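Input: a single structure, listed below in structure tokens.
Because only heavy atoms are used, hydrogens play no part in the values below, and waters and symmetry mates are left out as well, while side chains stay in. In the text below, chain A, chain B and the rest are named by the order of the sequence lines, each starting its count at 1. The structure presented is a predicted model; accordingly, all values stated were derived computationally and were not measured.
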Protein chains: 2
Amino acid sequence: MEPRHGAKGDTVVDFLMQAIQAGRFVPGQRLVEADLTAELGVSRSLLREAFRRLSAEGVIEIVPNRGALVRRLTMTEAMELFEIRLELEALAARLAAEKIADPGTRERFERRIAPIWEEVPRFSTSDYLAENRRFHAAVFEAAGNGQLVKLNSQLQLSLIMAQIASELTGDVMMESLHEHRVVASAILAGDAAAADAAIRGHLSRARDFVRAIRPEVFRAGRPGEAVPFSKAEFAGTIEKSP
Amino acid sequence: MEPRHGAKGDTVVDFLMQAIQAGRFVPGQRLVEADLTAELGVSRSLLREAFRRLSAEGVIEIVPNRGALVRRLTMTEAMELFEIRLELEALAARLAAEKIADPGTRERFERRIAPIWEEVPRFSTSDYLAENRRFHAAVFEAAGNGQLVKLNSQLQLSLIMAQIASELTGDVMMESLHEHRVVASAILAGDAAAADAAIRGHLSRARDFVRAIRPEVFRAGRPGEAVPFSKAEFAGTIEKSP
DNA sequence: AACAGCAAAATTGTCCGACAATATTGCCCG
DNA sequence: CGGGCAATATTGTCGGACAATTTTGCTGTT
């Protein structure tokens, strides 16, 4: 089951990405090379390449001489990302509505979003995060524009959600789920204008919700500024292999 | 003049980026590690990190076991990128028009785009490429959204232009320059709607021009497919240090 | 007890050399 | 001339090494 020569780096990237999305590494947490090479059993070279890739994707940050840490957004950055996502996902929703007539596209889209129709009284935060991620990814994929799918990953939906996860309530999540259904319906009906409006409404409300969150949840300072950094800050959260 | 510890990698990235934009490395050309480490006097580790970063920015492509090559777009990819740029740059233009009242923003924008007002009868292709790059970058910067500026680099304007450079005529470049002036005027007048319309018109025309180019200029096959690859294809274009 | 300063330890940045895996080229042969 | 195989070139990954830099820990002083 060894991955073929040249694909080992992907394994490391996938591992880190999943660990971050699963919340094992939280925004702001430092990623120490020595610990991770020991745990993953790969060399520093490989780990550092993985860091570079994740950094380019905007998932982690590399501070010279201080290493890598899970990216923690400032409020400003989060708002800027919402502003961009609004346009890009509206475009994706319109394209998706136009292309949904194609059987392959429709089939894939319906399969991807199937979970949103389930009648759940309430769900766990981590279930919601996964559903949310899948739903938005499905919209981008249905648009049939490969470059757009790539850009979606730069919009850091997962990161924003991971950061504000503690502020989510059951009501908010249920409301979001309902909005997803409205968007999905518009796309499935092939109504581009309605899909555009629905997604813009959904994202605007999400943005307003995030904007109202207490500022301590976000990184302080201007975007791109020096990052506060100290081992003590996250002591104990980094698990070494016994 | 030694760059400080930890910034040497940036030097390599900058060098490669410039070499590509200057046309020394053309789309599709292979980048051999051994040659570049010899020329730049850096280790393979550093060069490979630079490759990873450029690959993440979409400037080069890394094919497992076959190394790095300057990215060469398919027609489909180019069209997809135009579709995205249309929305994103329209957003940037609107934001720029709204923020142009701010003296700092206005001053910087005017300085950056100053060259477009010059009365030149005609200019060289490479001058045009540089001007074009600067103009679009200026629009994104004036929008005052840091994340948007980062995304601009993913839209591969330089790559598209480098690839089609041979098809550009003096007339086309002059027409483009005039359109830049219209966009700039709308932004400087603070008219968001006009700026939006002007940039959409400009980009639509550019897209149509590119779409009409003979297909041999673009990479064949579906996006993301295996890349044709052979040393002979570019033999002699890779200069080794004597 | 708070604190400034300094030495020790931890961590990252970069290089080098090595070897296996894979791709490309060159050559031989029918 | 085309196919096939060996030689060569190139990349993927590792491990170790050492300098630069940051972080931690200690110590004595006020």
**OP:** Grab the CD-P distance between A/Glu61 and C/dT12 for me, whole Å please.
**Re:** 15 Å
Original post:
Taking CZ from A/Arg66 and P from C/dT12, how many angstroms apart are they, rounded to a whole number?
Top reply: 12 Å
Original post:
Over how many whole Å does the gap from A/Ile62 atom CD1 to C/dG13 atom P extend?
Top reply: 7 Å
Subject >> First of A/Gly41 and A/Asn65 reached from the 5' end of DNA chain D, by closest nucleotide >> reply: A/Gly41
Original post:
Does the pair A/Arg53/A/Glu57 count as a salt bridge with the N-to-O cut at 4.0 Å?
Top reply: no
Subject >> Salt-bridge criterion met for B/Asp208 and B/Arg211 (N-O under 4.0 Å) >> reply: yes
**OP:** Starting at atom CG of A/Leu47, determine the distance to atom P of D/dC14, rounded to an integer number of angstrom.
**Re:** 10 Å
Subject >> d(CZ, A/Phe51; C1', C/dT12) in whole Å >> reply: 11 Å
Subject >> Nucleotide nearest A/Lys8 when distance is taken to its side chain, options D/dT13, C/dA23, C/dT14 >> reply: D/dT13
Original post:
Stepwise, does the side-chain contact (heavy atoms from CB on, under 4.5 Å) test hold for B/Phe82 with B/Leu155?
Top reply: CA-CA 8 Å; B/Phe82 266 112; B/Leu155 264 26; over 6 Å; no
Original post:
A/Arg48 has a side chain; which of D/dT23, D/dT11, C/dG13 sits nearest to it?
Top reply: C/dG13
Original post:
From D/dT11, C/dG13, C/dC15, pick the nucleotide closest to the side chain of A/Glu33?
Top reply: C/dG13
Subject >> B/Glu33 and B/Arg44 ion-paired at < 4.0 Å >> reply: yes
Original post:
Could A/Arg108 and A/Glu141 be called an ion pair, given the rule that one side-chain N must be under 4.0 Å from one carboxylate O?
Top reply: no
Original post:
Rounding to a whole Å, what distance do you find between B/Glu49:CD and C/dT14:C1'?
Top reply: 9 Å
Subject >> Nearest to side-chain heavy atoms of A/Ser43, which nucleotide of D/dC14, C/dC15, D/dT11 >> reply: D/dC14
Original post:
Has the side chain of A/Arg44 got a donor or acceptor atom sitting under 3.5 Å from an opposite partner on the base of C/dG13?
Top reply: yes
Subject >> d(CG, B/Leu31; P, D/dT10) in whole Å >> reply: 13 Å
**OP:** Rounded off to whole Å, could you give me the CG-to-C1' distance for the A/Leu40 and D/dT13 pair?
**Re:** 15 Å
Subject >> Candidate nucleotides C/dT11, D/dC14, D/dT11, ranked by approach to the side chain of A/Val32 - the nearest >> reply: C/dT11
